[in-house]
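Take a look at the structure below.
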Amino acid sequence: MFGDIMGMMGKIKETQQKIEETKTRLNTVLIDEQSNDGLLKVTLTANRVVKSIEIDDSLLQDKEQLEDYLLMVFNKAIEKATSVNEAELAAVAKDGMPNIPGMDLFK
């Protein structure tokens, strides 16, 4: 029984390391999003760090329109990045977790 516990603890520690490696890798996964008309483009990492913003000159004439575009495009990009982030981390956690009865959190 004690060996089983030590094995599980080792597996959990290994999983934690894999999660940290995955978080680091997600800094290199880029999420591109743009407005429907292509006037505003943003790029985020899967860890939701802004990497670039491209704004068409025509949007600089109308502050309210630019603000609306920024909200819309950033929210879509953040939603996509969050989805990728959560899926990647859940996959690592599920694969690495020991089979403990009643602890099927990642199914």
Side-chain angles (χ1 to χ4, degrees):
M1 181 176 150
F2 190 67
D4 291 343
I5 292 173
M6 293 304 289
M8 283 190 292
M9 295 302 288
K11 186 99 169 154
I12 289 171
K13 188 171 184 165
E14 182 182 315
T15 299
Q16 288 173 330
Q17 182 179 350
K18 287 181 181 178
I19 287 172
E20 289 306 314
E21 290 169 0
T22 300
K23 286 179 181 179
T24 300
R25 184 179 57 78
L26 289 173
N27 283 326
T28 65
V29 175
L30 299 179
I31 309 296
D32 295 316
E33 188 59 58
Q34 67 179 357
S35 59
N36 291 336
D37 55 13
L39 297 178
L40 179 71
K41 299 175 185 176
V42 299
T43 301
L44 308 177
T45 69
N47 283 328
R48 297 171 296 273
V49 174
V50 178
K51 296 305 260 183
S52 71
I53 303 170
E54 294 178 35
I55 302 171
D56 187 272
D57 289 341
S58 66
L59 289 177
L60 299 177
Q61 308 307 314
D62 185 343
K63 182 179 183 262
E64 276 188 43
Q65 182 183 18
L66 176 57
E67 289 170 347
D68 289 343
Y69 270 64
L70 287 166
L71 288 172
M72 176 188 63
V73 175
F74 269 106
N75 283 331
K76 284 176 23 181
I78 290 168
E79 185 177 319
K80 283 183 181 180
T82 299
S83 178
V84 169
N85 184 290
E86 289 175 353
E88 291 285 328
L89 292 176
V92 170
K94 180 180 178 188
D95 286 344
M97 290 302 290
N99 188 15
I100 302 172
M103 296 293 289
D104 51 354
L105 303 172
F106 298 106
K107 290 186 178 183

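Counting from 1, the numbers follow the sequence of the chain as shown.
When every heavy atom of L39 is checked against every heavy atom of S35, the shortest pair comes out as N-OG, 3.1 Å.
Within the model, atoms CE of M72 and CD of E33 stand 8.5 Å from one another, a figure rounded to the nearest 0.5 Å. Expressed to the nearest 0.5 Å, how far CG of L26 lies from CD1 of I19 amounts to 11.5 Å. The NZ atom of K18 sits 9.0 Å away from the OG1 atom of T22 when rounded to the nearest 0.5 Å. From K80, atom NZ reaches atom CG of N75 across 13.0 Å, with rounding to the nearest 0.5 Å. The structure places CD of Q34 at 9.5 Å from OG1 of T43, a figure rounded to the nearest 0.5 Å. Between the CG atom in D62 and the CD atom in E67 there is a gap of 9.0 Å [rounded to 0.5 Å].
Looking at N85, its side chain does come within 3.5 Å of a backbone N or O of A46 through a donor-acceptor pair. Distance alone, capped at 3.5 Å, places no donor-acceptor pair between the N47 side chain and the V49 backbone.
The pair K76-E79 does not meet the salt-bridge criterion, since no charged nitrogen lies less than 4.0 angstrom from a carboxylate oxygen.
For Q17 and E21, the side-chain atoms include at least one donor-acceptor pair closer than 3.5 Å.
Proximity of L44 to I78: side-chain heavy atoms (C-beta onward) are separated by under 4.5 Å at one or more points. In this structure, I53 and L40 have side chains that are in contact, with non-hydrogen atoms separated by less than 4.5 Å. Side-chain contact between K41 and D32 is absent, with no heavy atoms from C-beta onward closer than 4.5 Å.
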With side chain to side chain contact (heavy atoms under 4.5 Å, CB included) as the test, would you mind laying out the steps for L60 and I55 before giving the verdict? CA-CA 8 Å; L60 299 177; I55 302 171; 4.0 Å; yes
Criterion side chain to side chain contact (heavy atoms under 4.5 Å, CB included) on V29 and T45, from CA distance to verdict: CA-CA 5 Å; V29 175; T45 69; over 6 Å; no
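Linking ILVMFWY residues whenever their side-chain heavy atoms come closer than 4.5 Å, directly or via other members, leaves L30 and F74 in distinct clusters.
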